[in-house]
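As the structure is a prediction and not an experimental result, all values here were calculated from the model. Here is the naming used below: chain letters follow the sequence lines, and residue numbers restart at 1 for every chain.
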2 protein chains.
Amino acid sequence: MEENIFRKLLEERGWRLTKQRNAILQKAFSYKGHFDPESLYLAMRGKGMKASRASVYRTLNLLCECGLVEKVGKTEQGTIYEQSAGRKHHDHMICIQCGEIIEFYSEKIEKLQEKICRELDFKGKNHTLEIRGYCRHCHAGENGLEGDSSHGY
Amino acid sequence: MEENIFRKLLEERGWRLTKQRNAILQKAFSYKGHFDPESLYLAMRGKGMKASRASVYRTLNLLCECGLVEKVGKTEQGTIYEQSAGRKHHDHMICIQCGEIIEFYSEKIEKLQEKICRELDFKGKNHTLEIRGYCRHCHAGENGLEGDSSHGY
DNA sequence: TCTTCCATTGAGATTGAGTCTCAATATAGT
DNA sequence: ACTATATTGAGACTCAATCTCAATGGAAGA
C-alpha cells in the first residue's frame with residue numbers, strides 16, 4: 001500500500017496525513033498519466049472524498065516537494081502534473097491538434113544534456129523536453145502545409 | 001531596415017502596419033534576448049511610443065503567427081518571448097536561483113529528436129528543451145545539498 | 001474633399017489559475 | 001481534558017491574458 005510511503009515521507013517532514021491530504025494523494029495516484037489540479041478537484045467533489053480547492057493546490061505543492069508528484073509543464077489551461085514516484089524520467093510529445101501526450105525516453109539525449117551541463121558549468125537539477133506537433137492520427141492526410149520548418153522538422 | 005520585412009509580412013496577411021504595431025515591433029526587436037509582455041508594455045509607456053496592454057498582447061500574438069517572435073515558455077510570471085527572425089534555434093538553461101538564462105545548442109540532440117519523431121510517427125513542429133538548475137555563479141560553494149538526483153544529474 | 005466602410009485601438013470589465021487570509025476545526029502531546 | 005499547534009475551507013485577492021464595445025483612423029471610392 002503506497003499510502004504508507006506517503007505517510008512516512010510526510011512524517012519525516014513533520015507533516016500530518018489528514019483525511020484531505022490522503023484523499024488528494026489517492027486521487028493523484030489514481031491517474032495513470034497526466035492531470036491538472038482543477039480536474040482533480042472536480043473529480044473529488046463528485047466522490048465522497050472532498051477537499052477545498054486551496055487544499056488541493058497546497059497538497060500538490062507538498063507532494064512536489066516530497067518528489068511524489070512533479071510538474072510536467074504549464075499550458076494555457078494551467079499546470080500539468082504527473083506522479084513521479086517509481087516512474088522513470090521521460091520526456092513528452094504533445095499533439096497541438098488533439099492534445100494527446102506521448103511519452104518517450106532517450107538515454108542518448110540524457111547523456112548529451114549532462115555533457116553540455118558540464119561544459120557550461122551548469123548544475124542541472126531537472127529538465128523538460130517537450131516536442132509539439134501532430135500525432136500519428138492528426139497528421140494523416142496533411143501535406144505539411146503551414147510553417148516553421150526552421151528547426152529541421 | 002527590418003521594418004520593411006515586417007510590413008511585407010503583415011501586408012501579405014492583409015494586416016496594417018499601424019503606429020502601435022510598429023512601436024511594439026521595434027520594442028520587441030530591441031531586446032537582444034528574452035522579454036515578457038508586461039515589461040515590454042511598461043517600457044513603452046516610458047518612451048514616447050505607447051500602446052495599450054491589449055494591443056501589446058494582440059500584436060505579440062500576430063508576431064508569433066508571422067514567425068517573427070516566438071514563445072519560449074511559461075513561467076510563474078507569465079509568458080516569455082524572444083525574437084526568432086534570423087536567430088538560430090537554441091535551447092535554454094534557467095538558473096532557479098538568480099533567473100539567468102543560458103542558451104545552448106546541440107546538433108546531436110536535434111538529430112536525435114528528429115529520429116525519435118520518425119520512430120513514433122510524430123510530426124514535430126517545434127520543441128523546447130529547458131534545463132533548470134544552478135548557474136556557474138549560484139552553485140559555487142554548495143555541496144549539492146537537496147534533492148532529486150534521480151535524473152542522473 | 002467628403003463619405004462610407006472596416007480594421008484597429010484602448011479603457012475597463014472579465015476570466016481563470018493560483019495564492020492568501022483568517023476564523024473555525026482537528027490533532028498531538030501532556 | 002487542556003493547551004498548543006497544524007490544517008482546513010470559503011471567499012477575497014492577485015496577476016496574466018483575453019474580451020467588449022464605443023471611439024478612432026486609415027483606405028478607397030464618389
Test ring pair (Phe, Tyr, Trp, His ring centres under 6.0 Å) on B:Y31 and B:Y81 and set out the steps. CA-CA 10 Å; B:Y31 291 97; B:Y81 289 83; over 10 Å; no
Whole Å only: how far is the CE atom of A:M49 from the P atom of D:dT8? 14 Å
Figure out the NZ/C1' separation between A:K71 and C:dA17, and round it to whole Å. 11 Å
Taking atom types as modelled and ignoring hydrogens, do the side chains of A:Y57 and A:R53 form a donor-acceptor contact shorter than 3.5 angstrom? no
Can you list, in residue-number order, the parts of residues 55-63 of chain B that come under 4.0 Å of DNA chain C, counting heavy atoms only? B:S55, B:R58
Rounded to the nearest angstrom, tell me the gap between atom NZ in B:K50 and atom C1' in C:dT8. 17 Å
Taking the six-membered ring for Trp, are A:H92 and A:H90 parallel (under 30°), tilted (30 to 60°) or perpendicular (over 60°)? perpendicular
Heavy atoms from C-beta onward define the side chain here; which of D:dT7, C:dG12, D:dG9 lies closest to that of B:A54? C:dG12
Any A:M44 side-chain heavy atom under 4.5 Å of A:L40 side chain: yes
Residue pair A:F122, B:F104: steps toward the ring pair (Phe, Tyr, Trp, His ring centres under 6.0 Å) verdict: CA-CA 11 Å; A:F122 188 88; B:F104 69 93; 8.8 Å; no
Whole angstrom is fine here: how far is it from CG in B:L17 over to C1' in C:dT8? 13 Å
Send over the distance from A:W15 CH2 to D:dT5 P, rounded to a whole Å. 20 Å
In one Ile/Leu/Val/Met/Phe/Trp/Tyr side-chain cluster, 4.5 Å: A:V72, A:I102: no
Mind listing the closest non-hydrogen atom pair of A:I116 and B:S106 along with its distance? CD1-CB, 3.6 Å
Ranking B:R53 and A:R53 by the position along DNA chain D of their nearest nucleotide, the one closer to 5' is A:R53
Return yes if a side-chain donor-acceptor contact under 3.5 Å exists between A:Y105 and A:E103, otherwise no. no
ILVMFWY cluster, A:I80 and A:L129 together (side-chain gap under 4.5 Å): no
So, A:K115 and A:E119, do they make that salt bridge, N to O below 4.0 Å? yes
Each nucleotide N or O in nucleotides 23-29 of chain C that has a protein N or O under 3.5 Å away: list the pair and distance.
none

For nucleotides 13-15 of chain D, give me every protein contact, N/O to N/O, under 3.5 Å, one pair per line with atom names.
none

Between the side chains of A:E65 and A:N61, is a donor N or O closer than 3.5 angstrom to an acceptor N or O? no
Specify the separation, in whole Å, of atom OH of B:Y41 and atom C1' of C:dT9. 13 Å
Please report the C-alpha distance between A:H127 and B:E130 in whole Å, then the side-chain angles of each, then the deciding distance to 0.1 Å, and finally whether the side-chain hydrogen bond (donor to acceptor under 3.5 Å, both in side chains) criterion is met. CA-CA 5 Å; A:H127 68 263; B:E130 191 177 295; over 6 Å; no
From C:dG18, C:dT8, C:dA11, pick the nucleotide closest to the side chain of B:R21? C:dT8
Given D:dG9, C:dG10, D:dA17, which nucleotide is nearest the side-chain atoms of B:T79? D:dA17
Would you indicate, yes or no, if C:dT8 has its OP1 or OP2 atom less than 4.0 angstrom from a side-chain nitrogen or oxygen of B:Q20? no
Rounded distance in Å - CG (B:L25) to C1' (C:dT8): 15 Å
Rounded to whole Å, CD of A:E38 lies from P of C:dT15 at a distance of 15 Å
